[in-house]
Amino acid sequence: MESQHSSENRYQAIYATVRRIPAGFVATYGQVARLAGLKGCARQIGYALSALTDKSAVPWHRVINAQGRISPRSGGSPADMIQRLRLEEEGVCFDERGRIPLDRFQWHPVPNTVCPDKN
DNA sequence: AACCTGACGACGC
DNA sequence: GGCGTCGCCAGGT
């Protein structure tokens with residue numbers, strides 16, 4: 001099977017993944033990359049999301065970095081603030097230092113496995 | 001073709 | 001746990 005080679009296809013894979021993140025939860029760039037089949041390309045995630053607009057149905061604000069923080073855009077874009085506001089609206093809490101406890105809000109797609117012993 | 005940049009991440013100190 | 005470096009990949013100049 002052709003793995004996605006075209007950049008457009010790759011972007012779509014990223015958007016599709018981000019779209020799966022439910023409100024009230026967040027995912028890291030690296031996590032999204034991995035779920036989209038682009039493991040190791042965490043930087044490309046932010047790149048793809050930056051191409052989005054406000055009209056997009058992709059919940060880009062639910063993607064944060066591995067530190068549980070909103071990655072500061074260059075140029076002091078107001079997007080940072082918007083992202084925080086949107087997350088708070090969805091019930092995601094921030095630390096005094098502007099950090100989100102991933103332990104509580106990170107999205108866990110399909111716990112997979114487990115069929116807890118039905119023995 | 002080479003080099004720089006970017007919404008990242010893992011490591012080491 | 002904060003901070004600096006190096007590694008990664010794709011795009012743009």
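The sequence lines fix the lettering, A, B, ..., with proteins before strands; numbering per chain opens at 1. This structure is a prediction, so every number in the text was calculated from the model and none was measured.
Here S77(A) lies out of heavy-atom contact (under 4.0 Å) with every strand. At a threshold of 4.0 angstrom between heavy atoms, the contacts of Y29(A) include nucleobase atoms, whether or not backbone atoms are also involved. Heavy atoms of R69(A) sit nowhere under 4.0 angstrom from any nucleic acid atom.
For K39(A) and dG7(C), the NZ to C1' distance is 14 Å, given to the nearest whole Å. Taking atom CG of N65(A) as the reference point, atom C1' of dG1(C) lies 15 Å away to the nearest angstrom. Following rounding to the nearest Å, I45(A) (CD1) and dC9(C) (P) show an atom-to-atom distance of 14 Å. To the nearest angstrom, P of dC9(C) lies 19 Å from CG of N9(A). For the pair R34(A) CZ and dC8(B) P, the interatomic distance rounds to 19 Å; values are reported in whole Å. As a whole-Å value, the separation of L35(A) CG from dC8(B) C1' is 15 Å. Going from atom CZ of R43(A) over to atom C1' of dG7(C) covers 9 Å, rounded to whole Å. Regarding Y47(A), its OH atom lies at a distance of 6 Å from the C1' atom of dG12(C), rounded to whole Å.
Atom CZ of R19(A) is surrounded by more than 12 heavy atoms from other residues, nucleotides or ligands within 6.0 Å.
Salt bridge absent: E90(A) and R86(A) never bring a charged side-chain N and a carboxylate O closer than 4.0 Å.
Minimum atom distance to the side chain of A66(A) is reached by dG9(B), of the listed dG11(C), dG9(B), dA7(B). Checking dG12(C), dG7(C), dG9(B) against the side-chain heavy atoms of T28(A) singles out dG9(B) as nearest. When distances are taken from the side chain of L49(A) to each of dC9(C), dA7(B), dG12(C), the shortest belongs to dA7(B). Side-chain proximity of R99(A) to the nucleotides dG2(C), dA7(B), dG6(B) is greatest for dG2(C).
OP1 and OP2 of dA10(C) both lie 4.0 Å or more from every side-chain N or O belonging to S7(A). Contact annotation: R10(A) side-chain N/O to dA10(C) OP1/OP2 distance is under 4.0 Å. Taking side-chain N and O atoms only, S74(A) has a distance below 4.0 Å to OP1 or OP2 of dA7(B).
Pairing partner, dG1(C): none, since no Watson-Crick or wobble contact has both distances short of 3.5 Å. With both pairing distances under 3.5 Å, dA7(B) is matched to nothing as a Watson-Crick or G-U wobble pair. Using Watson-Crick or G-U wobble geometry with both donor-acceptor distances under 3.5 Å, dC8(C) finds no partner in any strand shown.
Side-chain to base pairing of Q44(A) with dG6(B): one donor and one acceptor N or O lie within less than 3.5 Å of each other.
Where C41(A) and R97(A) each meet DNA chain C at their nearest nucleotide, the meeting point lying more 5' is that of R97(A).
Between the side chain of N65(A) and the backbone N or O of G68(A), at least one donor-acceptor pair lies under 3.5 Å.
You'll find the side chain of I64(A) reaches within 4.5 Å of the side chain of Q83(A), heavy atoms only.
Results of the side chain to side chain contact (heavy atoms under 4.5 Å, CB included) test with I70(A) over H61(A), M81(A), R84(A) single out R84(A) as the only residue that passes.
Taking CD of Q106(A) as the start and CD1 of I21(A) as the end, the distance is 10.0 Å to the nearest 0.5 Å.
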